[in-house]
Amino acid sequence: MREIVKDDRPFTRYEVPRDEAMPKLRAEGNLYKIDNAERADGDSLSFYVTGQPGEGRFEDLCRGPHVPSTGRIGAYKVMNVAGAYWHGDASKQMLQRVYGTTWPDKKALNDYLQQLEEARKRDHRRLGQELGLFTLDPSVGPGLVLWKPNGAIVRHTLEETIRQELLRRGYQPVYTPAIGKLDLYRTSGHYPYYKDSQYPPLFESRRAERLNKLWELARGNEERASDEEVALYNELAEQHKDLAEFGYPAAAPAEERLKRVRAWLAQEDGYLLRPMNCPHHVKIYASEKRSYRDLPVRLAEFGNVYRFEQSGEVHGMTRVRGFTQDDAHVFCTPDQLPAEINGCVDMARQALKMVQLDDYRVRIGLRDPKSDKYIGSNENWAKSEAAIRAAVQTANINYTEEIGEAAFYGPKIDFVVKDCLGREWQLGTIQVDYNLPERFDLTYIGDDNQPHRPVMVHRAPLGSFERFVGILIEHFAGAFPLWLAPVQAAVCTVSDKSLEYGRKVFEACAQIGLRVMIDDSDDRIGAKIRRATMQKIPYILVIGEQEAAGGLVNVRTREGKQLGSHKLLDFVHACAIEVNERGQKKPTPAESVS
RNA sequence: GCCGAUGUAGCUCAAUGGCAGAGCACGGCUUUCGUAAAGCCGGGGUUGUGGGUUCGACUCCCACCAUCGGCUCCA
């Protein structure tokens with residue numbers, strides 16, 4: 001490669017009509033090039049060539065662009081090697097892909113590598129370890145996060161803030177269990193559609209397990225039962241008299257057989273660790289007769305869900321197998337839908353602003369008409385897609401529309417951010433759903449005294465606490481703003497002579513609810529400051545004999561800034577105000593009235 | 001799930017077929033010190049797990065598990 005760069009070989013682009021180029025490619029016999037050429041648009045194909053005919057000449061089908069010549073490459077480095085599916089299709093062959101980076105000169109390359117190293121220091125997995133935020137233990141299970149005390153404070157503080165906001169916005173808190181009967185998810189469609197990414201169901205008996213198998217078989221045979229299905233029924237009938245009595249409508253279409261099996265399953269079924277909270281919330285909605293006067297009903301829960309993510313996908317806190325969504329489901333009339341979506345968009349944006357996450361993009365996920373993974377009618381999809389589009393336009397947000405990014409029950413608005421290495425993660429999400437209300441036959445009584453179908457909005461402004469905090473760690477590089485910092489102030493005594501006053505300072509801080517620690521070890525002040533700084537504690541209070549004499553605290557920040565000596569009470573009050581503002585000035589009462 | 005790499009003390013990492021080590025952290029003692037690391041001593045390991053090769057395995061081979069980087073997936 002060094003040689004090629006030294007030769008400064010120019011690249012020349014030329015185009016050839018498709019009719020001429022294809023036979024040539026076929027003659028060369030590179031199947032992938034032929035495939036690429038067939039995929040390419042247009043009537044002509046572009047090629048790049050370098051070197052003289054004969055010796056060292058390299059010619060390649062490529063859309064381009066290329067650097068003008070190899071001499072422009074001053075520095076390069078192979079970054080990593082990994083398998084990649086041909087055209088990103090997992091059913092296709094996997095090829096080896098070599099990732100490299102090239103720069104005009106050595107310095108630019110080194111700067112880039114330096115920058116990568118800096119980014120790695122922000123990695124939430126590393127900081128989570130260093131700052132005692134969370135841990136993952138293989139004996140608990142991959143992708144199952146253990147929140148350590150420091151991380152739990154960050155999460156708890158976020159939870160409390162969101163809770164207050166939910167109440168202000170008319171949400172009603174509910175609590176539901178993290179497990180439910182399998183049939184609940186047969187109705188919603190989560191089972192067996194997402195079977196592969198769910199923990200396997202728990203069956204209370206072998207009978208229930210076999211019946212579920214029968215249900216799955218019946219589902220796969222539209223016209224009539226297969227031999228395997230009938231054999232399974234016979235096996236069950238032999239063991240269970242009650243099943244034998246009913247018989248099995250083997251010649252009937254799937255719908256009828258499924259109905260029969262589900263009736264049996266109603267007595268004895270499996271349980272699923274829930275992959276979503278919506279079915280439980282749907283059942284709370286359905287537990288009362290609802291009037292149009294009651295709508296919208298907004299049921300909120302920090303709901304624990306479990307998804308069996310593929311082994312290669314589990315990643316720190318951002319892609320896990322058990323997580324807690326700041327979830328809620330809004331049940332409303334079609335008329336109320338626009339206002340409800342707008343409210344959800346507003347809350348999601350507010351949540352991001354609260355933590356100064358302003359580098360995000362908004363994606364509208366639409367159904368892929370070519371795919372069969374979606375439930376519900378075209379009309380329902382048309383309505384919900386229109387509602388989603390209208391909401392982002394009302395909010396005046398830049399967004400992209402992406403086909404195939406919808407949930408199986410409805411289109412969505414996603415808030416997407418990047419981690420320290422530029423990988424994208426979906427945080428907040430808002431989903432419009434006409435379909436689950438139908439599947440669960442939800443109604444409300446309208447002013448015409450007739451039952452009507454409500455619309456559902458699924459929404460989670462943060463997404464999940466796991467992913468959100470993971471991203472926050474990287475966003476702040478572990479240096480959380482005061483209101484979120486696990487430890488907000490560290491009292492560092494210079495010597496034992498100032499220990500007594502140091503304890504008084506500690507008490508005064510703790511008194512007003514500041515999260516404070518005292519370092520009364522016999523280390524020197526420099527070591528104490530270093531430790532507190534590395535723990536990214538916002539305020540380090542240096543307490544010596546001078547401070548003790550004057551009732552002062554000497555304040556140093558984790559950035560190394562000296563804020564000088566202040567009266568103890570002044571410091572404590574300033575902190576209280578800073579915490580209350582949550583890092584952003586709130587309008588005064590007078591301002592908020594106008 | 002797929003491709004590849006990695007796995008040694010709580011953490012970061014040495015030891016390449018011949019007695020498993022260092023720094024930090026942890027415990028004890030000395031020290032009481034003014035803004036990013038005081039000193040001494042000590043405890044700590046079934047080298048991811050299971051098999052194999054070998055006189056002998058952290059080291060070589062196989063399987064599994066986990067992690068890391070991609071791919072695919074992501075309700």
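Throughout, protein chains are lettered first and strands after them, A, B, ... in sequence-line order, and every chain is numbered starting at 1.
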- prompt: So what does A:Gln96 hit on the nucleic acid, given a heavy-atom distance under 4.0 Å: a base, only sugar-phosphate, or nothing?
  reply: sugar-phosphate

- prompt: Given B:rC71, is OP1 or OP2 found less than 4.0 Å from the side-chain N or O atoms of A:His87?
  reply: no

query: Choosing from B:rC33, B:rA66, B:rG1, which nucleotide comes nearest the side chain of A:Pro142?
result: B:rA66

query: Which one is paired to B:rU54, where only Watson-Crick or G-U wobble pairs with both distances under 3.5 angstrom count?
result: none

query: At under 4.0 Å between heavy atoms, what does A:Ser197 touch on the DNA or RNA strands: base, sugar-phosphate, or nothing?
result: base

- prompt: How is A:Gly526 classified with respect to the nucleic acid when contacts are heavy atoms under 4.0 Å: base, sugar-phosphate, or nothing?
  reply: sugar-phosphate

task: Would you indicate what A:Asn554 reaches in the nucleic acid, counting non-hydrogen atoms under 4.0 angstrom: base, sugar-phosphate, or nothing?
output: base

message: Salt bridge check, A:Lys121 against A:Glu118: does any charged N sit closer than 4.0 Å to a carboxylate O?
response: yes

- request: Tell which nucleotide pairs with B:rA20, taking only Watson-Crick or G-U wobble pairs whose two distances are both under 3.5 angstrom.
  value: none

query: Would you find more than 12 non-hydrogen atoms of other residues, nucleotides or ligands less than 6.0 Å from A:Lys504 atom NZ?
result: no

Opposite nucleotide pairing with B:rA63, Watson-Crick or G-U, both atom distances under 3.5 Å: B:rU49

message: Taking atom types as they are modelled, would you say the side chain of A:Tyr85 forms a donor-acceptor pair with the base of B:rG1 within the 3.5 Å cutoff?
response: yes

query: Given that A:Arg423 and A:Glu545 both sit by RNA chain B, which one's nearest nucleotide is further toward the 5' end?
result: A:Glu545

- prompt: Under 4.0 Å between a side-chain N or O of A:Lys412 and OP1 or OP2 of B:rC74?
  reply: no

For B:rG44, the Watson-Crick or wobble partner whose two distances fall under 3.5 Å: none

- request: With a 3.5 angstrom cut-off on both distances, give the Watson-Crick or G-U wobble partner of B:rG4, or none if there isn't one.
  value: B:rC68

query: For A:Tyr409, which contact category applies under a 4.0 Å heavy-atom criterion: base, sugar-phosphate, or nothing?
result: sugar-phosphate

task: Identify whether any heavy atom of A:Lys92 sits under 4.0 Å from a base atom; if not, whether one sits that close to sugar-phosphate; answer base, sugar-phosphate or nothing.
output: nothing

field: Residue A:Tyr194, side-chain atoms from C-beta onward, closest of B:rG69, B:rC74, B:rG34
entry: B:rC74

message: Please report the distance, rounded to the nearest Å, between NE2 in A:His458 and C1' in B:rC74.
response: 16 Å

- prompt: Any N or O donor-acceptor pair linking the side chain of A:Glu309 to the base of B:rG1 at under 3.5 Å?
  reply: no

- request: Considering just the side-chain nitrogens and oxygens of A:Arg97, establish if one lies under 4.0 Å of OP1 or OP2 belonging to B:rG69.
  value: no

Ring center gap for A:His458 and A:Tyr409 short of 6.0 angstrom: yes

task: Classify the nucleic acid contact of A:Arg120 as base, sugar-phosphate or nothing, counting any heavy atom under 4.0 Å across all strands shown.
output: nothing

query: Around atom CD of A:Glu500, are there more than 12 heavy atoms of other residues, nucleotides or ligands at under 6.0 Å?
result: no

field: Salt-bridge contact A:Asp519-A:Arg531 (side-chain N to carboxylate O under 4.0 Å)
entry: yes

task: Indicate, with a heavy-atom threshold strictly under 4.0 Å, whether A:Gln198 touches base, sugar-phosphate, or nothing.
output: base

message: Regarding A:Arg319, tell me which of base, sugar-phosphate or nothing describes its non-hydrogen contacts under 4.0 Å with the strands shown.
response: base

field: Distance test, side-chain N/O of A:Arg524 to OP1/OP2 of B:rU32, below 4.0 Å
entry: no

Residue A:Arg307, side-chain atoms from C-beta onward, closest of B:rC74, B:rU31, B:rG70: B:rC74

message: Applying a 4.0 Å non-hydrogen cut-off, can you work out what A:Gln562 is touching in the nucleic acid: base, sugar-phosphate, or nothing?
response: base

Sugar-phosphate only, base, or nothing, as touched by A:Ala84 at under 4.0 Å among non-hydrogen atoms: sugar-phosphate

task: Starting from the 5' end of RNA chain B, give me the residue, A:Asp523 or A:Val494, whose nearest nucleotide shows up first.
output: A:Val494

task: Name the nucleic acid region contacted by A:Lys528, choosing base, sugar-phosphate or nothing; use a 4.0 angstrom heavy-atom cut-off, strictly under.
output: nothing

task: Pick base, sugar-phosphate or nothing for A:Gln93, based on heavy-atom distances below 4.0 Å to the nucleic acid.
output: nothing

query: Ion pair present between A:Arg459 and A:Glu340, side-chain N to carboxylate O less than 4.0 angstrom?
result: no

query: Of all the choices, B:rG34, B:rC3, B:rU32, which nucleotide is nearest to the side chain of A:Ser495 once you look at every atom?
result: B:rU32

- request: Measure from the ring center of A:Trp103 to the ring center of A:Tyr112 and say whether it is less than 6.0 Å.
  value: yes

query: When all nucleic acid strands are considered with a 4.0 Å heavy-atom cut-off, which category describes A:Asp496: base, sugar-phosphate, or nothing?
result: base

message: Tell me which nucleotide, if any, is Watson-Crick or G-U wobble paired with B:rA38 when both distances must be under 3.5 Å.
response: B:rU30

task: Check whether any side-chain nitrogen or oxygen of A:Arg558 sits under 4.0 Å from OP1 or OP2 of B:rU35, and answer yes or no.
output: no

